[in-house]
Number of protein chains: 2
Amino acid sequence: MRPYKHPAADQFALERIFQALSDPIRLEIVRHLDRVTEATCGELDGGRPKSSMSHHFRILRDAGLVHTRGAGTVHQNTLRRAELNARFPGLLDAILAQPAG
Amino acid sequence: MRPYKHPAADQFALERIFQALSDPIRLEIVRHLDRVTEATCGELDGGRPKSSMSHHFRILRDAGLVHTRGAGTVHQNTLRRAELNARFPGLLDAILAQPAG
DNA sequence: TCTTAAGTTCGATAATATTCGAACTATCGA
DNA sequence: TCGATAGTTCGAATATTATCGAACTTAAGA
């Protein structure tokens, strides 16, 4: 399992983050990760095919929202909370304060 | 000039807002409106065709970000600051705190 | 009333994104 | 070493968005 490419915090772009969050599936993933400290891709697929989920996770990674770490045969995902808060103070809180509707 | 349809604050959807802000032109419009209290469409076109700009303004309106008011032969646009702050506290500040890059 | 200016609406075309099956890689356990 | 499991990558089909010219509408001013 080769390591994922995660952008450095100073390469985060607001537009890319918004683009990532404009999809309901991805927004739901982010909300879920906010509640659970970490989760595997499989825990978050909602019955969707793995290739679709892999696509969504890649977009979340590329935007800098999510960090994925291989742990054995599983991949653990976490929100990049600290870096996001440092780079865009208040943004994550404003997003996650919302109920899931 | 028939009145525009602006969504009520309780109909704002985070995903729609993100989708609206994921385009660099629209993000720039919002940033500009943050600085100038109000502006016409023409002031913000950056040389682009009117039909393209009209499209972008409609998306910003539909998302609830921008209010457009006909004033004579011109259309004045404003950020829906108060309503956005009430509905998504901190979101607008977090976005606009960012430098334009 | 004629003209001009500001936007909108309507197509059509081009560019992006999403979805998902199939084949592939890596890791664990038996 | 042989599955089995978790995800990735590829490719193709579909759907959504963006762009822009042309025709239209409204309001203001000469």
Side-chain angles (χ1 to χ4, degrees), chain A residues 1-7 13-30 32-33 36 38-79, chain B residues 1-7 13-30 32-33 36 38-79:
Chain A
M1 146 213 67
R2 70 182 152 315
Y4 294 92
K5 211 182 53 176
H6 293 98
L14 216 37
E15 296 156 25
R16 192 177 295 268
I17 288 178
F18 289 144
Q19 204 274 333
L21 294 175
S22 67
D23 183 283
I25 295 174
R26 294 193 292 262
L27 188 53
E28 194 42 53
I29 290 173
V30 169
H32 189 108
L33 289 177
V36 299
E38 75 178 357
T40 65
C41 301
E43 295 178 80
L44 299 167
D45 64 10
R48 271 171 277 267
K50 294 194 295 181
S51 55
S52 298
M53 295 315 289
S54 189
H55 165 72
H56 289 304
F57 275 102
R58 191 165 69 76
I59 287 176
L60 289 169
R61 270 196 302 273
D62 289 351
L65 285 160
V66 165
H67 182 270
T68 305
R69 162 180 67 86
T73 177
V74 135
H75 295 196
Q76 290 291 355
N77 299 282
T78 52
L79 254 188
Chain B
M1 147 213 67
R2 68 184 155 314
Y4 294 93
K5 214 183 50 174
H6 292 98
L14 216 38
E15 296 156 24
R16 192 179 296 269
I17 288 178
F18 290 144
Q19 204 273 332
L21 293 175
S22 66
D23 183 284
I25 295 174
R26 294 193 292 263
L27 188 54
E28 195 41 54
I29 291 173
V30 168
H32 188 108
L33 289 178
V36 298
E38 74 179 357
T40 64
C41 301
E43 295 178 78
L44 300 167
D45 64 10
R48 270 171 278 267
K50 294 194 294 180
S51 55
S52 297
M53 295 314 288
S54 189
H55 165 73
H56 289 305
F57 276 103
R58 191 166 68 77
I59 288 177
L60 289 169
R61 270 196 301 275
D62 289 351
L65 286 159
V66 166
H67 182 271
T68 305
R69 163 181 67 86
T73 178
V74 135
H75 295 196
Q76 290 291 354
N77 298 282
T78 53
L79 255 187

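First the proteins, then the strands, lettered A, B, ... as listed; each starts at 1.
Nearest nucleotide to the side chain of B/His55, out of C/dC20, D/dT19, D/dG7: D/dT19. The nucleotide whose nearest atom lies closest to any side-chain atom of A/Ser52 is, among C/dT19, D/dA18, D/dC10, C/dT19. Considering only side-chain atoms of A/Ile59, the nucleotide from D/dG7, D/dA18, C/dT18 that sits closest is C/dT18. Comparing atom distances between the B/Ser51 side chain and each of D/dG21, D/dA18, C/dG7 picks out D/dG21 as nearest. The side chain of A/Val74 approaches D/dA6 more closely than any other nucleotide in the set C/dG21, C/dT19, D/dA6. For B/Arg58, the listed nucleotide lying nearest its side chain is C/dT9; candidates were C/dG7, D/dG7, C/dT9.
An OP1 or OP2 oxygen of C/dG7 is reached within less than 4.0 angstrom by no side-chain nitrogen or oxygen of B/Tyr4. Distances shown here put every side-chain N or O of B/Arg48 at or beyond 4.0 Å from the OP1 or OP2 atom of D/dA18. Taking 4.0 angstrom as the limit, A/Arg61 places a side-chain polar atom (N or O) nearer than this to OP1 or OP2 of D/dT8.
Between A/Arg69 atom CZ and D/dA6 atom P the separation is 16 Å, expressed in whole Å. Here C/dT8 presents its C1' atom at 13 Å from CG of B/Asp62, a figure rounded to the nearest Å. One can place CG of A/Leu60 at 14 Å from P of C/dA17, the figure rounded to the nearest angstrom. If you take CZ of B/Phe57 and C1' of D/dA18, they are 16 Å apart, rounded to a whole angstrom. At whole-Å resolution of the value, CZ in A/Phe18 and C1' in D/dT17 are 18 Å apart. If you measure from atom NZ of B/Lys50 to atom P of D/dA22, you get 13 Å, rounded to the nearest angstrom. Rounded to a whole Å, the NE2 atom of B/His75 is 9 Å from the P atom of D/dA27.
Taken to the nearest 0.5 Å, the CZ atom of B/Phe18 stands 6.5 Å off from the CG atom of A/Leu27. One finds the CZ atom of B/Arg26 at 14.0 Å from the CG atom of B/Leu44 (value rounded to the nearest 0.5 Å). Summarising the geometry, atom NE2 belonging to A/His55 is positioned 10.5 Å from atom CE belonging to A/Met53; distances are rounded to the nearest 0.5 Å.
Residue B/Ser54 places no side-chain atom within donor-acceptor reach of the base of C/dG7, judged by atom type and a 3.5 Å distance cut-off alone. Checked by distance alone, B/Thr73 brings no side-chain donor or acceptor within 3.5 Å of a matching partner on the base of D/dT26.
Among the atoms of the strands shown, only primed sugar atoms or phosphate atoms (P, OP1, OP2) are found under 4.0 Å from some heavy atom of A/His56.
Aromatic rings from A/His75 and A/Phe57 are positioned such that their centres are separated by 6.0 Å or more.
Just one residue in the list A/Gln76, A/Arg61, A/Arg58 forms a side-chain hydrogen bond (donor to acceptor under 3.5 Å, both in side chains) with A/Thr68, and that residue is A/Arg61.
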